[in-house]
Amino acid sequence: MEFDHILIRYGEMFIKGKNRKKFESKLQSNLIKKLREFPDVRVSKKRERMYVLLNGADPHSVMKKCQQVFGIHTLSFAVKVNMSEEEIKQAALFALSDSPEARTFKVSSKRADKNFPIRSQELNHVIGGYVLSNTEGITVDVHNPDVELKVELRNGAAYITAKDYPGAGGLPVGTSGKSLLLLSGGIDSPVAGYLTMKRGVELEAIHFHSPPYTSERAKQKVLDLAAELSNYGKKVKVHIVPFTKIQQKIHREMPEGYSMTIMRRMMMRISEQLANREEILSLTTGESLGQVASQTMESMHTINEVTNLPIIRPLAAMDKLEIIDISRKIGTYEVSVLPYEDCCTIFVPKAPKTKPKREKANYYESKVDFSQDIAEAIDKSVVVEMDQNQKELDKFDELL
């Protein structure tokens with residue numbers, strides 16, 4: 001006997017009312033794309049449920065991929081058998097084997113097909129007794145069991161599930177529009193991208209590259225982070241913007257204390273123009289309130305002035321340890337801590353203003369024309385599409 005499919009349970013998609021079918025269809029589409037490396041696997045949707053039909057694929061490998069898809073609350077391996085009492089009992093015992101650490105269980109039967117002769121409550125006792133007589137060190141607990149064996153009888157077949165695996169939660173990527181992520185090589189911005197995707201947002205990314213002050217390895221680090229993020233959605237298109245000329249001009253012409261603020265304002269202007277060109281409706285940043293000088297309330301107020309786009313800041317209320325925990329969980333931490341610096345670490349002022357004023361930033365900028373520099377940076381930007389397969393190919397190339 002083997003698990004032949006995976007049962008998908010939704011989370012907050014249940015509250016979407018008339019739009020729910022759109023969310024379900026997007027989830028199904030995202031699952032199909034995620035599982036394309038398993039050619040025989042199929043994803044079906046029936047009556048408020050979704051199933052991954054394994055067709056011989058390794059259950060645990062498929063489960064691992066499914067757990068990276070936003071919009072799924074929990075998942076369970078399932079066994080489908082004939083509506084035979086003996087087959088159902090054996091399948092329930094097999095399903096329990098997926099939880100060797102369990103010490104208590106309960107059985108919950110649902111007899112949607114009334115042709116089956118044993119009523120639900122009686123079937124619970126029959127299966128429970130069979131499991132008890134064929135196991136050791138495990139007992140029944142109907143109130144707080146380690147594992148709930150669920151048996152559903154419908155359409156002439158029995159479906160048995162046991163252990164619940166956690167899904168990624170959130171909403172299917174692609175159901176909440178698109179945002180442009182300001183992606184540096186640090187820890188914070190990839191986590192911000194992940195959390196934004198969790199709300200159903202599709203991402204493109206923008207990275208400001210300043211050679212020779214930042215290296216090709218620093219750029220590759222960012223592309224690798226984009227590839228990691230693609231695990232949780234679609235390919236991530238990265239817009240790489242040459243930023244050296246603008247940074248040098250800021251360093252020469254702007255007061256040192258305001259150079260960080262003005263640099264961020266230039267990034268926002270460029271990001272907004274690029275987003276408008278790509279029909280993207282918002283920006284996403286990895287800013288955490290109070291973490292550094294450019295992330296104080298006063299700095300955000302002054303920097304925000306230059307864009308009318310909404311800015312998503314999912315990390316605003318998180319501390320650094322919380323952000324690091326998420327980065328480890330999603331697989332970006334090891335890449336983020338590689339020692340290749342991004343453009344934000346060059347020309348760093350000794351005493352950046354933590355409470356910059358809009359009036360002063362505007363005054364300083366009025367003395368120098370940046371419009372041509374911004375247009376040139378956008379015109380010379382290049383686009384690279386990244387997914388996990390591309391990252392693995394890059395690693396292979398390095399070994400040759």
Side-chain angles (χ1 to χ4, degrees), residues 1-10 24 27-28 31-32 35 38-67 72-142 145-167:
M1 189 171 291
E2 61 182 16
F3 293 112
D4 48 28
H5 61 288
I6 295 172
L7 172 64
I8 304 293
R9 301 183 187 88
Y10 310 143
E24 291 177 351
L27 175 59
Q28 184 178 20
L31 268 171
I32 290 170
L35 300 175
F38 306 98
D40 296 324
V41 164
R42 298 292 180 268
V43 180
S44 67
K45 180 166 62 74
K46 301 177 183 176
R47 284 191 183 181
E48 304 182 353
R49 297 170 183 260
M50 200 167 292
Y51 301 94
V52 177
L53 308 178
L54 296 171
N55 293 323
D58 176 61
H60 290 279
S61 297
V62 176
M63 174 68 78
K64 186 176 179 181
K65 293 290 185 181
C66 291
Q67 286 181 290
I72 298 174
H73 178 55
T74 60
L75 314 88
S76 294
F77 292 122
V79 184
K80 178 183 177 182
V81 296
N82 295 320
M83 284 215 302
S84 152
E85 178 184 336
E86 191 60 32
E87 287 191 38
I88 293 170
K89 291 190 296 187
Q90 291 176 10
L93 184 62
F94 171 76
L96 187 62
S97 68
D98 189 44
S99 304
E101 74 287 351
R103 293 295 172 262
T104 60
F105 76 100
K106 69 177 287 188
V107 181
S108 299
S109 300
K110 183 177 180 181
R111 192 173 63 119
D113 191 332
K114 304 304 181 184
N115 292 320
F116 192 72
I118 305 176
R119 293 181 177 275
S120 298
Q121 193 60 36
E122 182 184 351
L123 185 59
N124 291 343
H125 293 302
V126 169
I127 296 172
Y130 182 82
V131 170
L132 286 172
S133 63
N134 286 276
T135 55
E136 294 182 0
I138 189 167
T139 59
V140 173
D141 183 346
V142 296
D146 295 332
V147 174
E148 182 178 3
L149 292 171
K150 298 174 185 177
V151 180
E152 186 169 343
L153 308 172
R154 58 183 175 80
N155 299 330
Y159 299 83
I160 297 90
T161 64
K163 181 178 179 179
D164 290 348
Y165 289 80

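Remember, it's a predicted structure, so these values are computed and weren't measured experimentally.
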Within a strict 4.5 Å, meaning less than it, do heavy atoms of the Y10 and I72 side chains meet?
no

Any heavy-atom pair between the side chains of L96 and I138 that's under 4.5 Å?
yes

Not counting sequence neighbours, list each pair that qualifies as a ring pair (Phe, Tyr, Trp, His ring centres under 6.0 Å) and has a residue in residues 86-108.
F3-F94

When rounded to the nearest 0.5 angstrom, what distance separates CD in E152 from CG in L7?
8.5 Å

Can you list every side-chain hydrogen bond (donor to acceptor under 3.5 Å, both in side chains) pair that touches residues 117-138, not counting sequence neighbours?
S109-N124

Quick check: do D4 and L54 have side-chain heavy atoms less than 4.5 Å from each other?
no

Approximate separation, where rounding is to 0.5 Å, of L31 CG and I6 CD1:
9.5 Å

For F77, does its backbone N or O pair with a side-chain atom of T161 as donor and acceptor, under 3.5 Å?
no

Rounded to the nearest 0.5 Å, how far does CD1 of I160 lie from NZ of K89?
13.0 Å

Taking all non-hydrogen atoms of both residues into account, name the closest pair between A95 and L149 and its distance.
CB-CD2, 4.2 Å

Please answer whether the main-chain N or O of N115 pairs with a side-chain N or O of D113 as donor and acceptor at a distance below 3.5 Å.
yes

The criterion is side chain to side chain donor-acceptor pair (under 3.5 Å); which residues satisfy it with N55, sequence neighbours excluded?
none

Could you tell me whether the side chain of L153 reaches within less than 4.5 Å of the side chain of I88, counting heavy atoms only?
yes

So Y165 and C66, do their side chains get closer than 4.5 Å, heavy atoms only?
no

Take atom NZ of K80 as the centre, draw a 6.0 Å sphere, and report whether it contains more than 12 heavy atoms from other residues, nucleotides or ligands.
no

All heavy atoms of M83 vs all of A158, minimum pair found to be CG-N, 4.0 Å

Q28: partners by side-chain contact (heavy atoms from CB on, under 4.5 Å), with sequence neighbours left out
I32, V43, K45, M50

Set of residues satisfying side chain to side chain donor-acceptor pair (under 3.5 Å) with respect to T104, sequence neighbours excluded:
D146

Validation row: L123, R111 side chains within 4.5 angstrom (heavy atoms)
no

D164 versus K150: any side-chain heavy-atom pair under 4.5 Å?
yes

So, applying side-chain hydrogen bond (donor to acceptor under 3.5 Å, both in side chains) with S76, which one of R9, K163, H5 is it?
R9

Tell me every residue that passes salt bridge (Lys or Arg N to Asp or Glu O under 4.0 Å) with E101, counting only those two or more places apart in sequence or in another chain.
none

